[in-house]
Amino acid sequence: MNAKENFVPSIRAEAPVASPEQKEIWGSDAIAAMLRALAIPYLALNPGASYRGLHDSLVNYLGNTRPQMLLCLHEESAVAIAQGYAKASDRMMGAVVHSNVGLMHATMGIFNAWCDRVPMLILGATGPWDAAKRRPWIDWIHTASDQGALVRDYTKWDNQPGSVSAAYEALLRAAQIANTAPRGPTYVNLDAALQEAKIGTLPPLPDAKRFRAPEPVLPAAHLVGAAAKLLSGAKHPVVLAGRVSRSEAGWKQRVALAEKLQARVFTDIKMGAAFPTDHPLHAAPPATFLAPAAAQKLREADVVLSLDWNDLAGTLKQAWGADPVGAKIIQVSPDAHVHRGWSMDYQGLSPVDVYMMCEPDAALPLLLDAVGSRPAAAAAGPAMLLDSAPDVVSIRSLADALDAASRNIDLCITRLPLGWNGAYRHFRHPLDYIGSEGGGGVGAGPGITVGAALALRGSGRIPVAIMGDGDFLMGATALWTAAHYGIPCLILVANNRSFFNDEMHQERVARERVRPVENRWIGQRISEPDIDLAMMARAQGAEGIGPVTKPADLEPAIERGVQAVRAGAVCVVDVRVQPGYDTPMSGSSASQKR
């Protein structure tokens, strides 16, 4: 993390009245103590009676510190905040959801975190498993015979412990598994009866350090040697920089490897910043799909090094089509450890000639030492953009205004809309951009932004999200959490007042069926009345600016937003953009995200 300051300011805390000397210890007190031993910094939650025992212990036994509770207005926001925190920090925090009903609300956020491969500890609860202890009606509808089944296909592990000792082990195991690559969410379901049982003295806490996640696995020496031989002998090597850490050391090693090999480097707008996009070896602006020119550059490769690239098979297909892949493929990824049958987020099966089943950051220093230097090759030219229309508020003009308003200011972009062209802004640091939500879940943007902002406190960076109006509207209540706890962040809403990506889908279908494309807007437009997004922000304690409808007003509005965040505020700028995309989209494979 960019540490311009050693001091990390505290967020606003809700300090409880001091409790009298504890004469009784309850099951949930022990669970709370274990969470502190695991060094969980925060628990984002929406409250519920099924974990009222744990809630009391967090407040009155731990004093609402280490971990501190972050009240959220929806479970999906709680999970999104935990996801954003992990994306920006490479560290895990927790989320708590209320029994089966809260878990159902949270499922989309959990799927995003799963697809995004970020660590997260999710705690749930159930009405007493012993039916004789259930209160009439309410405890029955809050109890399910296999609650973990709701999320088992997109969590790494789940458990429902039946005792305090079992809960200790479940939490230790859940944290260890979540933090082991490929990382992901784990779920622990806490029986209400266990939480509310008197247990006498506190059972001794295990030493959490002895149960931490293992060190990164190193690739076998013969695989490093085989990969190095291919790369050193390549005439046109390519590096696909995908899922990598936010480590500055890893960033520098990727740059050094590319320069030593004189390899073209591709990055993906769905992933966080992985390579400087203004480097001469950066082959093309990061995008959701390869533009034709980028696909042609990839097809010219004779050796491709994939650093945990998302959808390697699909990307190779964009370059080679139905032809056999003409390059040797080196895959560095542990991702297959979590591939399973329910979700197809593992993407297509790629041909691979050398397979190192480890994290890229573990293999990079070994490859850097092993490869031979290659002579300098022709560098990629800068991406050319058409001039923006001076009289139109568009995503392009929004990007230009943000660049102008943030000169000499370090930003962390936490969200980008579908219409964003990767050439609009350069990324020169691993925290310049943290990538998309992972699972295509609309509504994650606000929560992820708040979580990233929480992780970025003291870094000297301003968290800025650029998101569509559909994304904002579905997750807007996360703003209240940011305002309540004093977590500054800036959200620029590229508000085209439509679920516009779906308009484009309807247009494609209409053209194929020779039907009126003029009807594409029906059931898609968010207008008549227009929604006052700035007012929605102000209603939750944030600063709201806009709607901005004139190009001349755009830069001053963003400057005002930046200054508000620097002063400690949460700010939303409603930018009424013209619908449209300035980025390659595939008619057959375009994302369903709005």
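We count residues from 1, following the sequence as given.
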For this session: Indicate the ring-plane relationship of W420 and Y424, choosing parallel, tilted or perpendicular according to the 30° and 60° boundaries.
Result: perpendicular
Exercise. What residues form a ring-ring contact (aromatic ring centres under 6.0 Å, His included) with F427, not counting sequence neighbours?
Worked result: Y433
Exercise. Can a salt bridge be assigned to the pair D311 and K270 using a cut-off of 4.0 Å between side-chain N and carboxylate O?
Worked result: no
Exercise. Do R254 and D361 meet the salt-bridge criterion of a basic N to acidic O distance under 4.0 Å?
Worked result: yes
Problem set entry | Qualifying side chain to side chain donor-acceptor pair (under 3.5 Å) pairs with a residue from residues 533-544, counting only residues at least two apart or across chains | E543-R560
Exercise. Partners of H426 by ring-ring contact (aromatic ring centres under 6.0 Å, His included), sequence neighbours excluded?
Worked result: none
Problem set entry | Partner of T481 by side-chain contact (heavy atoms from CB on, under 4.5 Å), out of I81, L71, V570 | I81
Exercise. N64 side chain to E14 main-chain N or O, any donor-acceptor pair under 3.5 Å?
Worked result: yes
For this session: Taking the side chain as every heavy atom from C-beta outward, state whether L366 and P219 have any atom pair closer than 4.5 Å.
Result: yes
For this session: Just grab all the salt bridge (Lys or Arg N to Asp or Glu O under 4.0 Å) pairs involving residues 92-109, residues at least two apart or on different chains.
Result: none
Seminar exercise, completed: Residues pairing under side chain to side chain donor-acceptor pair (under 3.5 Å) where one sits in residues 193-218, two or more places apart or in two chains, turn out to be R52-E196
For this session: Sorted by first residue and then second, give each salt bridge (Lys or Arg N to Asp or Glu O under 4.0 Å) pair with at least one member in residues 170-186; sequence neighbours left out.
Result: E169-R173, R183-E359
Problem set entry | Pairing of R152 and D158 as salt bridge, 4.0 angstrom limit | yes
For this session: Could you please spell out the steps behind the salt bridge (Lys or Arg N to Asp or Glu O under 4.0 Å) verdict for D345 and R117?
Result: CA-CA 11 Å; D345 68 282; R117 306 296 190 252; 2.8 Å; yes
For this session: State which residues pass ring-ring contact (aromatic ring centres under 6.0 Å, His included) with Y346; sequence neighbours excluded, sorted by chain then number.
Result: H339
Listed pairs under 3.5 Å, donor-acceptor, residues 442-454 side chains, sequence neighbours left out:
from : atom 1 : to   : atom 2 : distance (Å)
T449 : OG1    : T414 : OG1    : 2.8
T449 : OG1    : G445 : O      : 2.8

Problem set entry | L364 and L257, any side-chain heavy atoms less than 4.5 Å apart | yes
For this session: State whether the side chain of S77 and the backbone N or O of L73 hold a donor-acceptor pair below 3.5 Å, judged by distance alone.
Result: no
Seminar exercise, completed: Contacts satisfying ring-ring contact (aromatic ring centres under 6.0 Å, His included) that involve residues 90-125 (not counting sequence neighbours) are H74-H105, H98-H142, F111-Y154
Exercise. Taking only residues at least two apart or on different chains, which pairs with a member in residues 173-218 satisfy ring-ring contact (aromatic ring centres under 6.0 Å, His included)?
Worked result: none
Exercise. Are any of the side-chain heavy atoms of V572 and F472 separated by less than 4.5 Å?
Worked result: yes
Exercise. Should the pair R340-D153 be classified as a salt bridge under the 4.0 Å nitrogen-to-oxygen rule?
Worked result: no
Problem set entry | salt bridge (Lys or Arg N to Asp or Glu O under 4.0 Å) contacts touching residues 65-88 (sequence neighbours left out) | K87-D116
Exercise. Partners of F275 by ring-ring contact (aromatic ring centres under 6.0 Å, His included), sequence neighbours excluded?
Worked result: H279
